[in-house]
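Structure first, commentary second.
Since we're looking at a predicted model, the values are computed, not measured. Every chain is numbered from 1 and lettered A, B, ... according to where its sequence line falls, protein lines coming before strand lines.
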Amino acid sequence: MTTRWSPALTFLLVLLVAAVALLVVEAGKDAAGGGIKVADPCQPRAPFPGHGLDATIQRIVLDGLDGAACRLHTTREELVLSLSPGSGARSVRWDEHTIEMALRAGLRRSVDEAERRGDIPGFVARAARRIVETAPIDVLVRGGVRLSDLIG
Amino acid sequence: MSTTRTATTSKRCATGLTRQLPLSQGRGSALLVGLLAIAVAIAFADSSVVVLALPELYTRFDTTIEGVAWVVTAYNAAVAVVALGLVFLVHRLRAATVLGGGLLVFTAASIACALAGSLSFLIVARCVQGIGAALLLAGSLPVLTAVAGSAVRGATVWTLAGTFGAALGPALGGVVTQAFGWPAIFAAQAPLAALGLLAVFAARDAPALEEGWRPSLVRTLPANACIGLLFGALVGVLFLSVLLVITVWGYSPIAGAGIVSILPAATLGARPLEQRLPRWAAVCGGAGLLTLGLLGLALLPSASVGFALGALTFCGAGLSLAIPILSGAALDLGAGLTRSATFTIGVRHLGLVLALASIAPLLASDLPSAGHRAELRATAVLLDGPVGLSKKVPVALDARKEFARAKAGEIPDLSRPFDAHGARHDPALAAVRDRLVGAIKDTITRSFRSAFLLSALLAAGALALALFFRRGQVLE
């Protein structure tokens with residue numbers, strides 16, 4: 001029953017240790033993350049980078065989506081998918097009116113923030129607030145209009 | 001150590017098959033042994049040979065994931081049921097007759113598989129192929145013994161052919177699928193199996209192995225229990241890892257075959273070590289390496305070929321260390337050669353089928369939520385991607401179309417909308433594409449974790465059993 005230690009047993013031990021080392025490295029990489037995280041919309045995050053009209057619009061829209069998602073206690077991504085016709089996330093737990101109200105409120109707040117940051121001058125901010133109040137967001141939420149229709 | 005092993009084997013042989021078999025003295029016996037070994041390897045490889053072709057079958061027959069999975073399950077279930085049923089009967093039949101019948105059925109069913117025009121026909125043909133494989137494998141060991149000249153030599157060839165056949169299956173299937181299409185997998189098997197009939201013809205006059213009904217199978221139960229668990233664990237290596245590489249990471253069948261070919265390479269590479277280790281150390285070390293390799297696959301932090309290759313190497317080495325010795329222990333080289341071979345064939349395929357039946361629903365239940373997580377992360381990447389609206393919005397709309405176009409269970413090709421809008425020439429857009437595709441692959445890769453962990457648990461069960469039996473000197 002007793003076994004004498006041999007080079008073969010040593011090699012087997014080396015293999016087993018190497019396999020454990022692989023697991024440790026993998027666990028380290030996994031813990032280090034680096035993967036994509038879906039952020040909490042209620043926490044401040046780095047603004048969308050860039051200058052010019054395009055970047056400004058994206059900052060306002062993304063901040064607006066964050067605000068709306070925070071009000072709805074969901075994530076920005078879940079909210080966007082819930083607006084997408086045929087998406088699995090369509091079975092959301094809010095009614096259309098609630099989503100519409102949250103979107104308008106979130107966009108209003110993001111326009112205010114953009115004005116405060118100096119991204120947009122006051123007269124543009126006023127025009128943007130008017131657009132936020134009058135845009136057919138309710139139709140978009142109901143799925144009657146697709147984003148592609150609005151964009152052309 | 002090898003002296004000890006030889007002594008053990010000789011002692012076993014003394015109880016039964018000791019006579020010199022005349023065929024071994026004939027010329028060309030090496031060729032016959034080779035032909036039979038190929039037939040045995042093919043029958044074992046067929047458990048997993050079709051895995052790399054599953055995506056192609058899925059598209060060809062416009063079916064569901066469950067439907068296409070039956071192409072694999074049907075074969076293994078048929079082998080398990082027929083082999084376990086044959087245990088009560090096979091020792092009353094002539095081995096050459098069983099082998100010949102098996103080869104004929106297997107060959108005919110392989111041709112039918114290659115010509116299948118519908119999924120239901122293919123599944124039925126795979127069942128018949130499994131019946132042929134069970135007969136072929138049950139009859140091959142006694143005939144190999146007759147042709148090779150000794151039970152030890154015959155069992156060694158049979159065991160090694162089975163081990164390497166199982167390990168080679170996915171890689172071989174991938175190469176053939178890529179080069180000639182999935183029907184070629186089955187078409188290529190038919191002539192190779194038919195060549196085995198030459199050995200049947202040569203062995204037709206070999207003396208029948210007289211095996212009375214003795215409780216010899218009970219002695220093989222510990223080894224068979226370990227083998228059943230290890231073959232269950234192999235579902236993680238032979239099926240899950242292949243599905244991951246092909247369907248999630250998007251490699252072509254031949255590239256996937258290149259990746260999983262590390263498995264037979266490691267199996268071959270670890271063979272000298274297996275011969276130098278004490279039996280218990282080889283079995284326990286092999287089961288341990290397989291457990292750790294499967295844990296390595298479970299913990300893959302991303303869609304990383306490097307990590308997968310490392311984990312598969314340990315799996316292949318573990319397979320090489322444990323299976324041949326356990327197979328030897330599962331064969332009663334004396335009084336119950338045919339029955340013990342048939343029994344162990346049934347047990348290992350039963351292990352595969354039961355593991356498939358447990359692991360497939362687990363994976364199927366994890367994938368939808370992983371798909372939703374992947375969709376959320378992809379949306380996050382796209383929203384935050386530092387590209388202009390003039391590209392971001394059309395890409396997002398086209399990505400939606402890709403999601404709609406992808407069938408249930410398929411991963412949409414989301415690089416296509418990016419490439420259609422200039423990602424090949426726009427580094428910023430290309431970076432968003434790579435990040436998005438990577439996020440999806442990483443998320444789905446992690447959803448395989450519980451399935452790989454269950455496979456690792458089965459291997460750990462084999463290790464625990466081996467350690468337990470070592471205390472009772474069963475594996476000494």
Side-chain angles (χ1 to χ4, degrees), chain A residues 1-4 6-9 11-13 15-39 45-46 48-50 52-55 57-58 61-62 65-66 75-81 84-89 146-148 150-152, chain B residues 1 270 272-278 280-282 285-286 288-289 291-293 295-296 299-302 304 307 310-311 313-314 317-318 321 368 371-373 375-384 386 388-390 392-394 396-397 400 403-404 435-436 438-439 442-443 446 470 473 476:
Chain A
M1 188 70 188
T2 54
T3 306
R4 252 198 294 172
S6 66
L9 277 172
F11 191 69
L12 175 62
L13 194 64
L15 275 179
L16 289 166
V17 170
V20 172
L22 177 75
L23 297 186
V24 172
V25 173
E26 284 183 340
K29 279 243 176 199
D30 200 38
I36 311 298
K37 301 278 192 300
V38 175
R45 68 170 102 192
F48 187 82
L53 181 63
D54 189 301
I57 292 173
Q58 291 204 52
V61 171
L62 291 175
L65 287 172
D66 266 339
T75 62
R76 188 175 68 183
E77 292 72 19
E78 193 88 55
L79 178 61
V80 168
L81 289 175
S84 173
S87 164
R146 286 176 300 189
L147 276 173
S148 53
L150 292 176
I151 293 159
Chain B
M1 188 61 223
L273 179 63
E274 182 261 318
Q275 290 166 326
R276 288 169 175 77
L277 283 171
W280 67 267
L289 281 174
T291 306
L292 292 171
L295 284 175
L299 292 178
L300 284 173
S302 59
S304 161
F307 281 122
T313 303
F314 293 120
L321 296 186
H372 183 56
R373 279 199 304 279
E375 205 177 6
L376 288 178
R377 285 175 185 160
T379 308
V381 171
L382 200 53
L383 288 175
D384 290 326
L389 282 170
S390 60
K392 189 180 280 190
V393 173
L397 295 171
R400 283 289 318 147
F403 268 108
R435 199 163 152 72
L436 183 143
D442 290 353
T443 308
R446 285 162 198 240
R470 197 233 162 177
Q473 302 190 22
E476 288 296 320

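Judged by distance alone, the side chain of A:Asp54 and the main-chain N or O of B:Gly388 form no donor-acceptor pair under 3.5 Å. Listed for the B:Arg446 side chain is a donor-acceptor partner under 3.5 Å among the backbone atoms of B:Pro301.
Closest of all the heavy-atom pairs between A:Glu26 and B:Leu299 is OE1-CB, 3.4 Å.
Only the side chain of B:Phe314 comes within contact range of chain A, with at least one heavy atom under 4.5 Å from a heavy atom of that chain. If you measure heavy-atom distances from B:Leu382 to chain A, you find no contacts under 4.5 Å at all. Only the backbone of B:Ser390 comes within less than 4.5 Å of a heavy atom of chain A; no side-chain atom from C-beta onward does. Heavy-atom distances place both the backbone and the side chain of A:Leu16 under 4.5 Å from chain B. For B:Ala270, no part sits under 4.5 Å from any heavy atom of chain A, backbone or side chain. Of the two parts of A:Ala46, neither the backbone nor the side chain holds a non-hydrogen atom closer than 4.5 Å to a non-hydrogen atom of chain B. Only the side chain of A:Ile57 comes within less than 4.5 Å of a heavy atom of chain B; its backbone N, CA, C and O stay farther away.
Checked by atom type, the side-chain pair B:Thr443/B:Arg377 shows a donor-acceptor distance below 3.5 Å.
Between A:Val24 and A:Lys29 the shortest side-chain heavy-atom distance does not fall below 4.5 Å.
Using a 4.0 Å cut-off between a side-chain N of Lys or Arg and a carboxylate O of Asp or Glu, B:Arg435 and B:Asp442 do not qualify as a salt bridge.
For chain A, the option among B:Ala281, B:Gly296, B:Gly285 with the highest count of heavy-atom pairs below 4.5 Å is B:Gly296.
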